[in-house]
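Following: one structure in structure tokens, then a few remarks.
No hydrogens, no waters, no symmetry mates; every other heavy atom, side chains included, goes into these values. Atoms within a ligand are numbered from 1 in the order they appear, just like the ligands themselves. This chain uses plain numbering: 1 for the first residue, then up along the sequence.
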Amino acid sequence: PFPIYDQLRQSTPVRYDENRSCWDIFRYEDVHRILKDPATFSSRRGMDIKRRETILTMDPPRHNQMRGVVNKAFTPKVINDLAPHITSITNELLNTVEGHGEMDIVSDLAVPLPVIVIAELLGVPPEDRQLFKDWSDILVKGPDENTEEAFNQVVAEKEQASEELSAYFARIVDQRRTEPKDDLISQLLSAEIEGQKLNDEEVIAFSVLLLAAGNETTTNLITNTIRRLTEDQALQQQLKGNPDLIPGFIEEVLRFYPPIQAIGRVATRDVEIGGMMIKTGDQVISWVASANRDETKFKNPESFVVDRKPNPHLAFGFGIHFCLGAPLARLEGKIALRTILERLNEIQYLTGSELSYIQSPFVYGVKQYPITFQ
Ligand code: HEM
């Protein structure tokens, strides 16, 4: 998709799409400005009654209050303390494929790792993990084919899984109210906003959001990272010899192959962007994937520069909605890559297999990524 963004950034940096009834924004500067201004560009988009409200679709002042509560659960210290545990989960997953000489990065590592980490963080008991993973899988599933029927079926399945998952979390919330444990759900239940506790609905909605926002994105980050590793064998050797390059490498993967391609907002007033008049109530789609390759912001944007500095990519968004899980996603990405580099040699994409992309305009990732190794 990336060459198309380059063309659009040149030809129609701000354009109205009649078919989709929304604005598309392709330049870094404009995307940045939109994300920085929540008063003009609201996050309360596409709210349907079925979906509960979460921080992702809240505006200030409510957003600040809720975000303040959940920030406490995601401090750098809390996240960094998870490192040894994430490393051991990664090693366990790799143990099952070691010696086979072949694995699918997606299903053997990139899908289960974030699911297990989130499940444990929330306090899902180990015996429920499979149940939990099945629901998460459905939540992130794309249609098998590019047809309306397949699409509708997936939507229906997702709605059901989301209902079941909410019911499941409702039970856990109930249990933790009477008997708190050392987990995120108990922590959220004891939090207060202006002297008032969060209600069950809010805690459940937030828990479901973590799965929906955190799992598929991190899966794609891990897969895109390993993909990059196989696309450049010299770079693979370089990273193996110098693991200090890993954090910068992950940032460049995020810029180059952002798991979320675009972020939606709704205009709250008439506003001009790039010489175009956006009207109150219009939908505005900011194409992060295009902004990340904007030549006015990044030198040689089409080159993958392992130690690019600075690297102000927008893969995690910007401003008040900046990804809550960014430290966790980065940590999982780094640990997955480091462990793979330590344990596997001569990592290569399995020749003959065809890349099959996830069918969504907003998500960048592949459905399988089979590799061979020594
Ligand atoms: C918000 C991307 C991983 C939880 C966002 C936003 C982006 C994003 C672009 C901003 C959305 C907006 O402005 O409307 C990503 C990417 C990830 C990732 C690329 C992986 C590489 C995670 C993880 C979690 C998470 C692991 C949780 C465990 C959230 C939440 C928000 C959010 C709760 C809403 C924050 C708010 O509205 O204040 N993410 N995310 N994300 N992300 Fe992530």
Side-chain angles (χ1 to χ4, degrees), residues 25 31-32 34-38 41-47 52-75 78-79 82 86 110-111 113-122 124 136 139-140 184 188 202-203 205-225 250-266 283-289 291-292 313-337 358 362-365:
I25 313 292
V31 168
H32 191 253
I34 289 166
L35 296 180
K36 220 170 55 181
D37 184 2
F41 299 98
S42 163
S43 285
R44 298 187 55 82
R45 73 261 174 187
M47 284 294 301
R52 298 178 177 87
E53 202 190 18
T54 66
I55 49 169
L56 189 62
T57 50
M58 279 176 197
D59 286 336
R62 187 68 184 156
H63 177 267
N64 311 11
Q65 296 171 332
M66 277 297 275
R67 178 84 191 214
V69 167
V70 297
N71 272 346
K72 292 197 191 111
F74 279 85
T75 59
V78 172
I79 299 308
L82 297 172
I86 296 174
V111 168
L113 180 61
V115 172
I116 296 171
V117 172
I118 276 291
E120 294 194 349
L121 207 63
L122 283 167
V124 171
S136 312
L139 281 186
V140 303
L184 187 54
L188 293 171
E202 288 170 318
V203 174
F206 180 71
S207 307
V208 175
L209 172 67
L210 288 188
L211 302 185
N215 284 345
E216 185 182 27
T217 46
T218 310
T219 293
N220 287 326
L221 170 61
I222 294 171
T223 310
N224 296 347
T225 298
I250 298 282
E251 292 311 300
E252 187 67 343
V253 171
L254 284 161
R255 182 187 74 86
F256 211 70
Y257 288 149
I260 294 184
Q261 303 264 292
I263 299 176
R265 294 288 187 265
V266 177
Q283 301 251 21
V284 181
I285 309 290
S286 294
W287 289 91
V288 163
N292 279 357
H313 67 75
L314 300 174
F316 289 121
F318 186 83
I320 63 166
H321 291 277
F322 181 84
C323 179
L324 175 74
L328 180 58
R330 285 177 164 135
L331 185 65
E332 289 180 37
K334 284 187 274 194
I335 291 175
L337 176 59
I358 293 167
F362 298 117
V363 175
Y364 188 77

Can you tell me which portion of [X] lies within the under-4.0 Å heavy-atom range of ligand 1? Options are side chain, backbone, both, or neither.
X: Ile55; result: both
X: Ile118; result: side chain
X: Ile320; result: backbone

Between [X] and [Y], what is the shortest heavy-atom contact and its length?
X: His321; Y: Leu56; result: CE1-O, 3.8 Å
X: Ala73; Y: Leu184; result: CB-CD1, 3.0 Å
X: Val363; Y: Glu216; result: CG1-OE2, 3.9 Å
X: Ala110; Y: Thr223; result: CB-OG1, 3.3 Å
X: Pro114; Y: Ile222; result: CD-CD1, 4.5 Å
X: Val31; Y: Trp287; result: CG2-N, 4.1 Å

Which residue owns the protein heavy atom closest to [atom], what's the atom, and how far is it?
atom: atom 19 (C) of ligand 1; answer: Ala315 O, 3.6 Å
atom: atom 10 (C) of ligand 1; answer: His321 O, 3.5 Å
atom: atom 11 (C) of ligand 1; answer: Leu56 CD1, 3.8 Å
atom: atom 35 (C) of ligand 1; answer: Arg67 NH1, 3.2 Å
atom: atom 13 (O) of ligand 1; answer: Arg265 NH2, 2.7 Å

Could you check whether the rings of Phe206 and Phe74 sit parallel, tilted or perpendicular, using 30° and 60° as the cut-offs? perpendicular
Which of the numbered atoms in ligand 1 are under 4.0 angstrom from any heavy atom belonging to [X]?
X: Leu221; answer: 21 (C)
X: Ile263; answer: 9 (C), 12 (C), 13 (O), 14 (O)
X: Leu209; answer: 33 (C)

Counting both backbone and side chain atoms, is some N or O of [X] under 3.5 Å from an N or O of ligand 1?
X: Gly264; answer: no
X: Ser43; answer: no
X: Thr218; answer: no

Looking only at the side chains, is there a donor atom on one of Ser43 and His63 sitting less than 3.5 Å from an acceptor on the other? no
If I take atom CG from residue Leu314 and atom CD1 from residue Ile34, how far apart are they, to the nearest 0.5 angstrom? 11.0 Å
When you compare the side chain of [Y] with that of [X], does any pair of heavy atoms fall below 4.5 Å?
X: Met66; Y: Glu53; value: no
X: Arg67; Y: Leu324; value: yes
X: Leu35; Y: Arg265; value: yes

Testing Asn220, Thr217, Asn292 one by one against Pro258 for a side chain to side chain contact (heavy atoms under 4.5 Å, CB included), which residue passes?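 That would be Asn292.
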With a cutoff of 4.0 Å, is His63 in contact with ligand 1, counting heavy atoms of the residue only?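 His63 counts as a contact of ligand 1 under the 4.0 Å cut-off.
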What is the number of protein N, O or S atoms that sit under 2.8 Å away from atom 43 (Fe) of ligand 1?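 Considering protein N, O and S only, atom 43 (Fe) of ligand 1 has 1 within range.
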